[in-house]
Amino acid sequence: MSKPKFYVTTPIYYVNDVPHIGHAYTTIAADVLARFKRLSGSEVFFLTGTDEHGQKVEQAAASRGEPPQALADRMSDHFKALWRKLDISNDYFIRTTDERHKRAAQALFQTLYEKGDIYKGEYEDWYCTPCETFWTESQFEHAKHCPSCGRPTEKLKEESYFFRLSKYQKPLLDYITANPDFILPESRRNEVLKFIKGGLRDLSVTRTSFKWGVPVPVDDKHIIYVWLDALTNYLTAIGYPDDTAHFNRLWPADVHLLAKDILRFHAVYWPAFLMSAGFALPKQIVAHGWWTVEGRKMSKSLGNVVDPHQIIDQYGVDALRYFLLREVSFGNDGDFSHTAFIGRLNADLANDLGNLVSRSLAMLGKYFKGVVPEANEDQGVTGELELLVEQSIGRIIALYDEAYFSRILEEIWVVVAAANKYIEQMAPWALNKEPAKIKQLAAVMYNITEVIRIIALLIWPFMPNTAAKIWRQLGIKEALESSNFYEITMWGGLLSGTVTIKGPPLFPRVE
Ligand code: ME8
């Protein structure tokens, strides 16, 4: 039987600057999904990359006095390097300046054009370059300032090709209404519905006033609007337009992950382009919230942009991965504060998880020379714990379908807390003092070690390094990542006789 496929994407990030924790957040979230699906037996294609054309990148390059391609080369290397450092397991990294992508963007434009959905006209309205977004006067809340980012817009008047977005108003409404899980979370879905019901105007999809873009196939005075160019990446990366077999295997995407800032492009424009071209729509668009830092918007001018490298060098990759996905309820906005970071590192990671592993393996060392004893259900010390673990795993699997990362971690910590409580209740140190209770002590120590094994599996998508360290300490020979989630999370998988090796603390406390 062939494996189910799972195609997950992040936005492709602009190369006007280096990545920060906001970019890291989306990419880690996508990585968690990709890792979980691989472990669950799916054939995963996990895509990320960089968005390299457009006025914003052209201006950033000009202000640095370098050609846009040179800036794009340098910055895309920064993104790649950060993803390596963060253990991001992407299967492909797309760049919109790749020749193959440029041809794909032209092919999609040509298709929409031949469909009769692109026509020539004149654009006269306002443009926000930082957002690469067109606005009309009636959309302004503050005169001439971008309703999305608040920065001043500029008046544009140029010949332009338009996409008949208005034609797709009804089909889009119908589709989103009929598919309640298409846009998550629900609050974001409602925003999109409201926007569409407000009326869709045709969308300018070409520019003439600057050069840094993909030439329009039917008119080389024009370049393709950066968003039409960028969105096409989700098709290019899986073979469009040449490799039909690969493309048909993976399209439609299972999940596009992004933040609320670019939801409209993904949930309105992109589905409309796809409908026009006759492609199936992505199965799910998941929009998360926005990170601030110490209560303020992250910005260069405020000098508060959090550099992920600094955090990783100081506290480790897994601490950052954990904090970002645990700190905010996925979908809500979040705040990155040093105090909150250290708080979680000490409480959740050093205390709850780290101590669980180190004290358990220390006891196993002391009572059984580190060798995993026999599981012994007859001792009556297993049932409740086993049931709790099973129920948690059931809830975790369901939460993955909603991409509800913060709740998944909470649920894993229900198991961590249960393991710690079990140790207190069973008090192995007391059992060890009574020779008649050696069998019970053995059963208890088996159970504790078994829960730790399951916890390692559960945290692996979030904290692959920590999971691997626990796995090594448990002395398990089979590679964690080549196991199957559903099989190895079953209670009783740990073999008695396995020789554990206690290691250094997983997360030293930070003062
Ligand atoms: O929009 N909080 O690129 P971009 C949370 N090139 N997420 C954040 C964030 C923050 N403060 N800052 C950035 C573009 N992100 C286009 C996308 S896709 C076809 C083209 C993350 O570099 C979040 O995922 O501005 C957001 O949607 C994305 O970076 C915007 O990245």
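Indexing begins at 1, ligand by ligand and atom by atom, following the structure's order.
- Counted by atom type alone, Glu132 and Tyr14 present zero donor-acceptor pairs between their side chains at under 3.5 Å.
- Residue-level proximity to ligand 1 for Tyr234 is carried by the side chain, the only part with a heavy atom below 4.0 angstrom.
- Any N or O atom pair closer than 3.5 Å counts here, and Tyr14 shares at least one such pair with ligand 1.
- For ligand 1, the atoms closer than 4.0 angstrom to any heavy atom of Gly289 are 5 (C).
- Taking 4.0 Å as the cut-off, Trp290 counts as a neighbour of ligand 1 on heavy-atom distance.
- In summary, the atoms of ligand 1 found under 4.0 Å from a heavy atom of Met298, numbered by their order in the structure, are 11 (N).
- Within the 4.0 Å heavy-atom criterion, neither part of Tyr25 lies near ligand 1.
- Looking only at heavy atoms of the protein, atom 28 (C) of ligand 1 is closest to Tyr13 CE2, 3.9 Å.
- Residue Ala230 has no N or O atom closer than 3.5 Å to an N or O atom of ligand 1.
- Here the protein heavy atom with the shortest distance to atom 1 (O) of ligand 1 is Ile262 CG2, 3.4 Å.
- At least one heavy atom of Trp227 sits closer than 4.0 Å to an atom of ligand 1.
- Ranking protein heavy atoms by distance to atom 2 (N) of ligand 1, first place goes to Trp291 N, 2.8 Å.
- Separation of atoms CZ (Arg326) and CD1 (Ile412) is listed at 10.5 Å; rounding is to 0.5 Å.
- Any N or O atom pair closer than 3.5 Å counts here, and Ile12 shares at least one such pair with ligand 1.
- Stacking of Arg189 on the aromatic ring of Phe182 is not recorded, the 6.0 Å distance cut-off and the 45° axial limit not both being met.
- Residues Leu399 and Phe405 have side chains not in contact (no heavy-atom distance under 4.5 Å, counting atoms from C-beta outward).
- By the 30° and 60° cut-offs, the orientation of the rings of Phe162 relative to Tyr119 is parallel.
- Shown in contact with His288 at under 4.0 Å from a heavy atom are these atoms of ligand 1, numbered in order with element: 5 (C), 7 (N), 24 (O).
- Expressed to the nearest 0.5 Å, how far CG of Leu324 lies from CZ of Phe462 amounts to 12.0 Å.
- Contact analysis puts His20 in contact with ligand 1, with a non-hydrogen atom separation below 4.0 angstrom.
- Atoms CG and CD, on Asp229 and Gln106 in that order, are 9.5 Å from each other to the nearest 0.5 Å.
- Between His20 and His23, the ring planes are tilted. Angles from 30° to 60° get that label.
- Under a 3.5 Å cut-off, the side chain of Glu58 and the backbone N or O of Phe210 do not form any donor-acceptor pair.
- Under a 4.0 angstrom heavy-atom cut-off, Lys260 registers as lying outside contact with ligand 1.
- Ring orientation note: the planes of Tyr168 and Phe163 are close to parallel, at an angle under 30° on the 30°/60° scale.
- In this structure, Glu132 does not count as a contact residue of ligand 1, since none of its heavy atoms falls inside 4.0 Å of the ligand.
- There is a side-chain donor-acceptor pair under 3.5 Å between Trp126 and Glu137.
- For the pair Ala287 and ligand 1, no heavy-atom separation below 4.0 Å is found.
- Taking a cut-off of under 4.0 Å to the non-hydrogen atoms of Thr26, the atoms of ligand 1 that pass are 21 (C), 23 (C), 24 (O).
- With Glu99 as the partner, the salt bridge (charged side-chain N to carboxylate O under 4.0 Å, His left out) test is satisfied by one option alone out of Arg95, Arg103, Lys102: Lys102.
- Ligand 1 places these atoms under 4.0 Å from at least one heavy atom of Asp51: 6 (N), 16 (C), 20 (C).
- Looking at Val57, Ile21, Thr232, Asp261, it is Asp261 that brings a heavy atom closest to atom 27 (O) of ligand 1.
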